[in-house]
Amino acid sequence: MFEQTMTRLHELMIVLYAISILFYFIDFLNKNRKANLFAFWLLAIVWVLQTIFLFLYMINTGRFPVLTIFEGLYFYAWVLITLSLVINRLLRVDFTVFFTNVLGFIIMAIHTFAPVQVESQAMAEQMVSELLLIHITMAILSYGAFSLSFVFSLLYLLQFKLLKEKKWGQRLWRISDLSKLEKISYILNSIGVAMLLLSLILGMQWAFIKLPDFILYDPKIIGSFILLILYSTYLYLRIKKNVFGKSLALLNVAAFLIILINFFLGSRLSSFHFWYS
């Protein structure tokens, strides 16, 4: 019972950490103070829980937790979170904070879901299954965000066409203005990129644990990384290159078509997606 409770608390930390990174990513892109503050306090909760577990482990074992690889991973994740919180409060270096947290999330996921550290085989199997569940949930949430973004880009293109052809009418007024459509599409893509990145991190972790013959060049994995690159390019063009308007909407539509190809064709060609035992 105690082992199961500790497992649930570690999984809760992973979820809180993922949400924190999502808000850090929004702040990283938009200099959003509220998002940064929310991310900071979520990460602070994770840090407090980690610190409590660290001290309890030290009291239980009577030594500093660095003698095994899994102890070292946990302490390493704790150090990264601590540094991230300090940098965020004192230096305000958003780039460093975001990527430090991504690295910390990877380390913490490896530690939390590695079945080697769990004494019960049944609990180990359950943790691996829950890792897969979190991975799939995050992937679907990212696809949902990209899908809504695609809808707003289509509305943008329709509105753009109506304005260009000067077709004033009720349909025109029922569609929101161009700037609002583009902004919502951008926000949804920002959320989608962060969720997809975290999903890929957890998915790779599951594959390395569960699949002895796991290959990185699986069609679904390649397709997912192509999607991450495409949507990251979208964000880069908008933020750094100040690309707006129709060209960005068309890129978003094209990226969504790649999602459909990856979801349906990539899954059929994959050696393990939807066909694992």
Side-chain angles (χ1 to χ4, degrees), residues 1-28 35-94 96-120 123-124 126-128 130-135 137-138 194-195 197-206 208-209:
M1 183 66 182
F2 177 77
E3 183 183 11
Q4 187 174 7
T5 302
M6 290 298 100
T7 299
R8 292 291 173 267
L9 287 173
H10 276 85
E11 290 171 351
L12 174 63
M13 284 196 294
I14 287 289
V15 173
L16 291 177
Y17 206 166
I19 298 172
S20 175
I21 291 176
L22 173 61
F23 280 97
Y24 268 127
F25 187 63
I26 293 173
D27 176 54
F28 172 68
N36 180 278
L37 193 61
F38 191 65
F40 174 83
W41 286 112
L42 277 177
L43 193 61
I45 294 172
V46 174
W47 181 84
V48 169
L49 290 173
Q50 267 198 319
T51 304
I52 291 172
F53 292 149
L54 197 63
F55 275 104
L56 288 176
Y57 189 85
M58 290 171 64
I59 293 171
N60 186 49
T61 59
R63 58 181 173 80
F64 201 68
V66 292
L67 295 184
T68 69
I69 185 170
F70 291 104
E71 291 177 355
L73 283 173
Y74 192 79
F75 183 65
Y76 182 31
W78 180 86
V79 168
L80 288 174
I81 292 177
T82 304
L83 291 174
S84 172
L85 291 172
V86 172
I87 292 171
N88 187 59
R89 288 293 92 184
L90 299 181
L91 302 179
R92 289 289 299 153
V93 184
D94 298 331
T96 304
V97 169
F98 173 69
F99 284 102
T100 299
N101 279 313
V102 171
L103 178 59
F105 181 82
I106 295 171
I107 300 301
M108 193 168 170
I110 292 173
H111 175 273
T112 300
F113 294 105
V116 179
Q117 65 164 337
V118 182
E119 294 181 5
S120 168
M123 180 62 69
Q126 184 178 352
M127 287 181 68
V128 172
E130 289 170 357
L131 170 61
L132 178 62
L133 177 64
I134 297 173
H135 156 65
T137 301
M138 285 187 171
M195 296 298 291
L197 174 62
L198 297 174
S199 171
L200 285 173
I201 291 171
L202 296 178
M204 298 282 283
Q205 169 73 357
W206 175 84
F208 279 120
I209 293 172

L197 and F25, any side-chain heavy atoms less than 4.5 Å apart =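 SC-SC contact between F25 and L197 ruled out.
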key: Side chains of N36 and F28 in contact at under 4.5 Å (non-hydrogen atoms)   =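 In short, these two side chains do not touch, never coming nearer than 4.5 Å.
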inquiry  = My understanding is that only residues two or more places apart in sequence, or in another chain, count here; which of them pass side-chain hydrogen bond (donor to acceptor under 3.5 Å, both in side chains) with T51?
reply    =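 Result, side-chain hydrogen bond (donor to acceptor under 3.5 Å, both in side chains) vs T51: W78.
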ask   = Taking only residues two or more places apart in sequence, or in another chain, which ones meet S84 in a side-chain hydrogen bond (donor to acceptor under 3.5 Å, both in side chains)?
value =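 With sequence neighbours excluded, S84 shows a side-chain hydrogen bond (donor to acceptor under 3.5 Å, both in side chains) to N101, given in chain and number order.
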Any chance you could measure [X], atom [atom1], to [Y], atom [atom2], to the nearest 0.5 Å?
| X | Y | atom1 | atom2 | answer |
| --- | --- | --- | --- | --- |
| M195 | L22 | CE | CG | 6.5 Å |
| N88 | D27 | CG | CG | 7.5 Å |
| F55 | N60 | CZ | CG | 15.0 Å |
| L42 | S20 | CG | OG | 5.5 Å |
| L198 | I106 | CG | CD1 | 9.0 Å |
| M58 | L56 | CE | CG | 10.5 Å |

Can you give me the closest heavy-atom contact between [X] and [Y], atom names plus distance?
| X | Y | answer |
| --- | --- | --- |
| S199 | M138 | CB-CB, 3.7 Å |
| I26 | A35 | CG2-CB, 4.1 Å |
| V97 | Y24 | CG1-CE2, 3.5 Å |

inquiry  = Which residues pass the side-chain contact (heavy atoms from CB on, under 4.5 Å) test with V79, not counting sequence neighbours?
reply    =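 If we apply the side-chain contact (heavy atoms from CB on, under 4.5 Å) test to V79, skipping adjacent residues, the hits are F75, L83.
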query = Could you give all pairs that pass the side chain to side chain donor-acceptor pair (under 3.5 Å) test and reach residues 37-50, with sequence neighbours left out?
reply =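 Qualifying pairs, neighbours excluded: W47-T82.
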ask   = Which residues satisfy the ring pair (Phe, Tyr, Trp, His ring centres under 6.0 Å) test with F23, sequence neighbours excluded?
value =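 Only F38 meet the ring pair (Phe, Tyr, Trp, His ring centres under 6.0 Å) criterion with F23.
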Partner residues of Y76 under the ring pair (Phe, Tyr, Trp, His ring centres under 6.0 Å) criterion, sequence neighbours left out =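 With neighbours one apart ignored, the set is empty.
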